[in-house]
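The next block holds one structure in the form of structure tokens; read it before the comments.
Keep in mind that the numbers below use all heavy atoms, side chains included, and drop hydrogens, waters and symmetry copies. For the single chain, residues carry numbers from 1 onward in sequence order.
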Amino acid sequence: MAGKSNRGKKKASQSIAIANDQPLPSERQGNDNTVAVPDTNGNGTASELAAVKSEPKELADLATESQPKQGDVHLYPVTVRTQAGDKMELQLSPGDSVMDVRQFLLDAPETCYFTCYDLSLHSKDGSVHHLEDFNEISEVADITTGGCYLEMVAAQYDDRSIRAHVNRTRELLSLSTLHSSLSTSLALQHENGKNASGNSGDSSKSEVLELDNMVFMENAPGSLNNLLLPPSKEIKCVESVVFSSFNPPPTYRRLSGDLIYLDVVTLEGNTYCVSGTTRTFYVNSSTVSNLDPRPSKSSAEATTLVGLLQKISSKFKKAFREILEQKASAHPFENVPSMLPPTSWIGLYPVPDHRRDAARAEDALTLTFGSELIGMQRDWNEELQSCREFPHTSLQERILRDRALYRVTSDFVDAAIKGAVGVISRCIPPINPTDPECFHMYVHNNIFFSFAVDADLEQLPKKRSSDVNGKVESTVASLAQPDKSSSNPRHEAPIPSTNENEGKINGVVDSIPDVPADTQLAESEQATYASANNDLKGTKAYQEADIPGLYNLAMAIIDYRGHRVVAQSVLPGILQGDKSDSLLYGSVDNGKKICWSKDFHSKVVSAAKRLHLKEHTVSDGSGIVYKLAAPVECKGIVGSDDRHYLLDLMRVTPRDANYNGTGSRFCILRPELITAFCHSEEAKRSKSQSKSDLEAPAASDSAVGKDAEPVKENMNKLETASSDVQDVKGDITVAEIASETESKDSCQEILFNPNVFTEFKLAGSQEEIAADEENVRKASLYLNDVVLPKFIQDLCALEVSPMDGQTLTEALHAHGINIRYIGKVAEGTRELPHLWDLVSNEIVVRSAKHVLKEVLRDTEDHDVGDAISHVFNCLFGNVQNTVLKSSGNNQSSSQKKDSSHQSSGKSSKGRGKYKNTQSTRKKETLFSNINSDSLWGEIQEFAKIKYQFEFSEDAKTRVKKIPVIRNLCQKVGVTIAARKYDLDLETPFQISDIMDLKPVVKHSIPVSSEAKNLVETGKVQLAEGMLAEAYTLFSEAFTLFQQVTGPMHREVANCCRYLAMVLYHAGDMPAAIMHQHKELIINERCLGLDHPDTAHSYGNMALFYHGLNQTELALRHMSRALTLLSLSCGPDHPDVAATFINVAMMYQDIGKMNTALRYLQEALKKNERLLGEEHIQTAVCYHALAIAFNCMGAFKLSHQHEKKTYDILVKQLGEDDSRTRDSQNWMKTFKMRELQMNAQKQKGQALDAASAQKAIEIMKAHPDLLQAFQSATVAGGSGGPSAAANKSLNAAFMGEALPRGRGVDERGARAAAEVRKKAAAKGLLIRPHGHSVPGQTIAPIAQLLNIINSSGASEAVHEKIGGEETNGHPSNGPENTSEGQTKSGKEPDQAPVGLGSGLALDPKKQKAKAKASS
């Protein structure tokens, strides 16, 4: 494969294949011990966890059980002899490739600066094997027998490798590649604080004060300052290392081996000229002006540049050691580069000084746009298709194939982003400069680039000027050129191509002749954003179907500067002349002529079966009938490499019958919906069959338990998909379809004709066509009448709880709901304020995004920052002054729209459709014509047309400004300064606040479907309380994902989260923290610092630390979680209330009851305001308050709050529900304790006078506390709107705090339970939160409460409450006290609340498991 060195720098993120999560720290420790760095696992908690290594026997058994089941991955120690003569040990698998070994050596501190060497393997029998980079270890020798060792042998440099070596050395001398997590910093600070005994108390106080200030949740702009961590303080090793102006070496020196010359200035102030030769680096004798290649008197030389610098500078040697130690002390994941890291929407403020850096300047001045400077360009298509042809029969072969596909596709996307930036920046010339600009195409770095057009704005009604007709005529004339489709096959350009535009303008869609000319023009541009998105989804679907002999091109979509560029690998032979005769399948002229090949058709049929597509007949313009199994406009082409390629897959799923207007040709159903609909229909069929079959009950049990289980799981995922995010863009089920459909009877399959409701002529009988149309209508009705209401119901019941626009979009897509239905989602959630705000804000952002992109397209380079800040000020401020001379906002708005859409084609690329480029001079005033009223008017108009949604009159004032700013920046790629913005100003943004504009990319990088299936099975096992089995499955999935993608991938993060949960329930808190820390780092690196999943990671970390009695550290993590939540969703969200309950639990456990009560009161207020006074979550808050008052001895208040809890539960769940009965038992418990206290009072126990005086003083000092008690007493739980009761409520009630509702895990448990006919699957998200604090309750507070209760105090108040009260879980009433639940709330059954979404087990299942194990 060409260009192997291009991947050299990126291998870190791709090929760190670690067999399981345990060898990683040990391996790093082994490596680092040789450089005297003791703690290199980087958990940031190792020393503090070491003291708490009370590992239960269950976990040890669990770990040993899992080892033999991990199958193909075994590690063996192999010694490595380095170039420096040292020895180190690596843990290798026989399946590791030599590239993997090189990556291990590149990460190890002892060998990180060696880049040019060969590897030799010395086997036990004394034979020596030379290792090629693409060999596997097992192909050369057997390392399992022991006695083998590797030797690094210095190789000769060449021009390419010596430059790579210099670049690697520069990377090592900087800490910019170290991405420290705040969690690591917090743990280190905590450790340092413990060591300095004087600071421990102060830090605790300051942390409490910070968290006590709940008002900061309302001050989201102030949180921007706290989001970004200050950059690591650089350790300076050398003043400068730059390429010398003596380069290139004179010819006579080239013949002697000189390759480059470097100028080095050391920290001592000495200047050296270094010669880099094919063998060594040495200091030459050159002067300032003349080259003297002879070695200097010191005769310093070394095989590496680092080795030479260590010899000539003692300060370099010391500083370089510090850098290596700092990198080694970090978590290993903090050193690993992330493939395609997320773009941050905020930048450091104040802006760091921009200092001179000659090395940086050298790199920047070379404009490569992703291509190779030296050597052959990579043939992306050949690499990709060759990887697809890898054998994949065994697991190890599938891992190698998946890993190769992942790496090549990732590299392609990275190169495509850089190339697209070059195309949009007009730095890459088109290959067809004489064609109209709208048809310009570009080829760079063996990647094909073309523009797509944002036609959504064109759907807005406009009053165009009189030149519209001329524009239409010229457009039709240009599109009617007969040679377009032949000379320029649109195999790679989902832009307005000849066939699509001709078909549309010629009256394809409903009643075009009655449509005015401007709408026809808009229709001609519909091969736009929508078709590009659909093409990407279709390409991914066929890739995942993975039909042998059928190939697709690599593809990515890049949005930058308002333009959308589609990047694809080059079809072999397409650039070498007319290849129209190579079209074997489909049509290039909108169905007028259809090509067909038997061989091609057989491959397409195989894919169609997996994609639920029907083999059907269509006729071309001549009336000839063809049998197809794909959309008519797809193109099957045989490339010059004789491979069969299928292209232009814009309609792999049928058209949405709910949208049949003029602008809805590309409104198609999502693959997830098709899968869900098929499963639903199959379920109906199986029910009808079981009714007719007398022996159905016996047969169905076995069938459901086995064959139907994966179907149920997928139904569960699609019906109630969550924001528990997967690394896909919504197409999460195609691979699963492929595996399932093979086992189903073909007669039971539901297949769709993708060409119904289109302009193509369908052949066959009218009955067959009508049946096909009815099939599509039923699927569309299923979306509208079943999926959409169910999704809205899940939102209202908090089963799906999106936090921001991104997680809302992912949840919609996972359900199979297109974004165009978001207006209906908004209407369905109007009664719940947080959902209404979330959905309406997303509509605002999506509408504003199109306006901002149009402005960016029509803005000159030097005005981009000004344009963005102006649009932001119009959106979030109040800008009324415009440069237009006309008066009146309406006229100004209409003029602006006329101007913008007349000039919509003026941009130099992509929009230069119908207007002469001479008119581009008018663009400079476009953005300044916008004011707040016109912008909001256009947003409202766009939302009404695109999403059928009408904003309320106060929409502008209701917008949550910081979450909307964040969402808009992420969608457009804008980076703003992280400063505190006064959003009440008319112009809150300045030009200097706009710091960057970055590309936003969509791609279809594949991951291991096998590992995904393991995760899904692990969820089911975990739901049933089978911890050992779940641990094994998650460990295997973790291993597979790491081998395929490397550690920096969100799927790896998911595995870490589940492993942490399993270990948490098994009682191994330190190991749980270790895995949770990994998940947190990966989420920060792959999803973003403020992604909701990152916030959940911090919340889980906090609860795990709390489980280790490290409450101060837990509160610091909770503070970070609240900061992130304030940015993503704002203060008004049920998850914030859930987090407040978690914080209250922590304060309750350290005896700060006044603070705990304030948080519980705030959580109660939020739930009453957001969900209603009779919502089940409001009852949860009342119960939490009851438990808190119980811990304080205020049994009267406990009884009052539990009574409100009971009333809500009776109304929502009925008296027979177990949670209602539990609440009734709690009421009896509280009443009994109140009577006991009154009895003690009647016996004559008097209140101590001193204590009474102290209670009065506390009352005076804390009036807010007394006020809270009083308000709690009078607070009512009636009359509010009640949400529909759902029997699977995310939190079963008693002893459970507010649920996270991230959806997937709980519903996975429920589906598994349905399959197995078990009734105990209702409480996967059970989260006990109630805790008594034995011996920690503050006596004066308890006495104060006793005064309020008019009952005497006694020492009995402070006695340890029974085990069932400690955990907030009296399963059988107050008399039934479980011995196993009396550990002060620190037991594994205390699952994370709120942010700790996902995997808490039902205590009943845990109890059953405990009995079984005993």
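Contact check for N590 versus F760: side-chain heavy atoms found under the 4.5 Å cut-off. For the pair S664/D656, no side-chain contact is recorded, criterion being any heavy-atom separation below 4.5 Å from C-beta on. I819 is listed as a side-chain neighbour of L812, based on a closest heavy-atom distance under 4.5 Å. Annotation: side chain of F757 is not in contact with side chain of C667 (no heavy-atom distance under 4.5 Å). Using a 4.5 Å cut-off on side-chain heavy atoms (C-beta onward), N753 and N775 make no contact. Contact annotation: the side chain of S1004 approaches that of Q543 to within less than 4.5 Å [non-hydrogen atoms, C-beta and beyond]. F448 has its side chain out of reach of V566: every pair of non-hydrogen atoms, C-beta onward, lies at least 4.5 Å apart. In this structure, R643 and D641 have side chains that are in contact, with non-hydrogen atoms separated by less than 4.5 Å.
Panel note: side chain D379, backbone E382; a donor-acceptor pair is recorded below 3.5 Å. With Y551 contributing its side chain and Q385 its backbone, the two residues share no donor-acceptor pair below 3.5 Å. Between the side chain of S688 and the backbone N or O of R685, at least one donor-acceptor pair lies under 3.5 Å. A distance-only check finds a donor-acceptor pair linking the side chain of N818 to the backbone of I668 [under 3.5 Å]. Side chain of S569 to main chain of A554: a donor-acceptor pair is present (N/O by atom type, distance under 3.5 Å, no hydrogens or angles). R651 places a side-chain N or O within donor-acceptor distance of the main-chain N or O of P754, the cut-off being under 3.5 Å.
Ring planes of F412 and W380: perpendicular class, angle over 60° (limits at 30 and 60°). Relative orientation of the F791 and H815 rings is perpendicular, given thresholds of 30° and 60° on the angle between their planes.
Using a 4.0 Å cut-off between a side-chain N of Lys or Arg and a carboxylate O of Asp or Glu, R610 and E544 do not qualify as a salt bridge. Taking 4.0 Å as the cut-off between side-chain N and carboxylate O, K593 and D620 do not count as a salt-bridged pair. Between K944 and E941, none of the side-chain N atoms (NZ, or NE/NH1/NH2) sits under 4.0 Å from a carboxylate O, so this pair counts as no salt bridge.
By the ring-ring contact (aromatic ring centres under 6.0 Å, His included) test, Y821 is found to be paired with Y659, residues two or more places apart in sequence or in another chain being considered. Residues satisfying the side-chain hydrogen bond (donor to acceptor under 3.5 Å, both in side chains) criterion with D599, sequence neighbours excluded, are K603, H644. Residues forming a side chain to side chain contact (heavy atoms under 4.5 Å, CB included) with V605 (at least two apart in sequence, or on another chain): H601, K609, E615, A629.
From H679, atom NE2 reaches atom CD1 of I674 across 11.5 Å, with rounding to the nearest 0.5 Å. Here K853 contributes atom NZ and H563 contributes atom NE2; the two are 11.0 Å apart, rounded to the nearest 0.5 Å. With rounding to the nearest 0.5 angstrom, the CD1 atom of I637 is 8.5 Å from the CG atom of L584. A distance of 9.0 Å separates CD of Q568 from CD1 of I557, quoted to the nearest 0.5 Å. L649 contributes atom CG, which lies 12.0 Å from atom OG of S531 (distance to the nearest 0.5 angstrom). Note that CZ of R670 and OG1 of T653 are 8.5 Å apart. Values are rounded to the nearest 0.5 Å.
When all heavy atoms of N784 and P789 are compared, the pair lying nearest together is O-CD, 3.4 Å. V652 and G538 get closest at one heavy-atom pair: CG2-CA, 3.4 Å. Smallest separation of non-hydrogen atoms from G639 and Y645: N-CD1, 4.0 Å. Looking at every heavy atom in both residues, A416 comes nearest to I558 through O-CD1, 3.9 Å. G764 and I769 get closest at one heavy-atom pair: O-CD1, 4.1 Å. In this structure, P1006 and T409 approach most closely via the heavy-atom pair CD-OG1, 3.7 Å.
There is no side-chain donor-acceptor pair under 3.5 Å between R655 and S780. The closest side-chain donor-acceptor pair between N552 and R388, if any, does not fall under 3.5 angstrom. Using a 3.5 Å distance cut-off with no hydrogens or angles, the side chains of N755 and H616 do pair a donor with an acceptor.
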**Message:** Assess the residue pair R564 and N533 against the criterion (side-chain contact (heavy atoms from CB on, under 4.5 Å)); give the C-alpha distance rounded to whole Å, side-chain angles, the decisive distance to 0.1 Å, and a yes or no.
**Reply:** CA-CA 11 Å; R564 169 160 287 189; N533 284 333; 3.2 Å; yes
**Message:** Run Y585 and L628 through side-chain contact (heavy atoms from CB on, under 4.5 Å) and show every step you take.
**Reply:** CA-CA 9 Å; Y585 201 78; L628 299 179; 3.6 Å; yes
**Request:** Would you please test F677 and L783 for side-chain contact (heavy atoms from CB on, under 4.5 Å) and show each step?
**Result:** CA-CA 8 Å; F677 175 72; L783 168 61; over 6 Å; no
**Request:** Evaluate the criterion side-chain contact (heavy atoms from CB on, under 4.5 Å) for residue pair E773 and V776; output intermediate values, then yes/no.
**Result:** CA-CA 5 Å; E773 291 181 347; V776 174; 5.9 Å; no
**Asked** For E681 and K684, what are the C-alpha separation, side-chain angles and deciding distance, and is it a salt bridge (Lys or Arg N to Asp or Glu O under 4.0 Å)?
**Response** CA-CA 5 Å; E681 292 297 303; K684 290 179 183 177; 3.5 Å; yes
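Results of the side-chain contact (heavy atoms from CB on, under 4.5 Å) test with K635 over L571, L583, L646 single out L583 as the only residue that passes.
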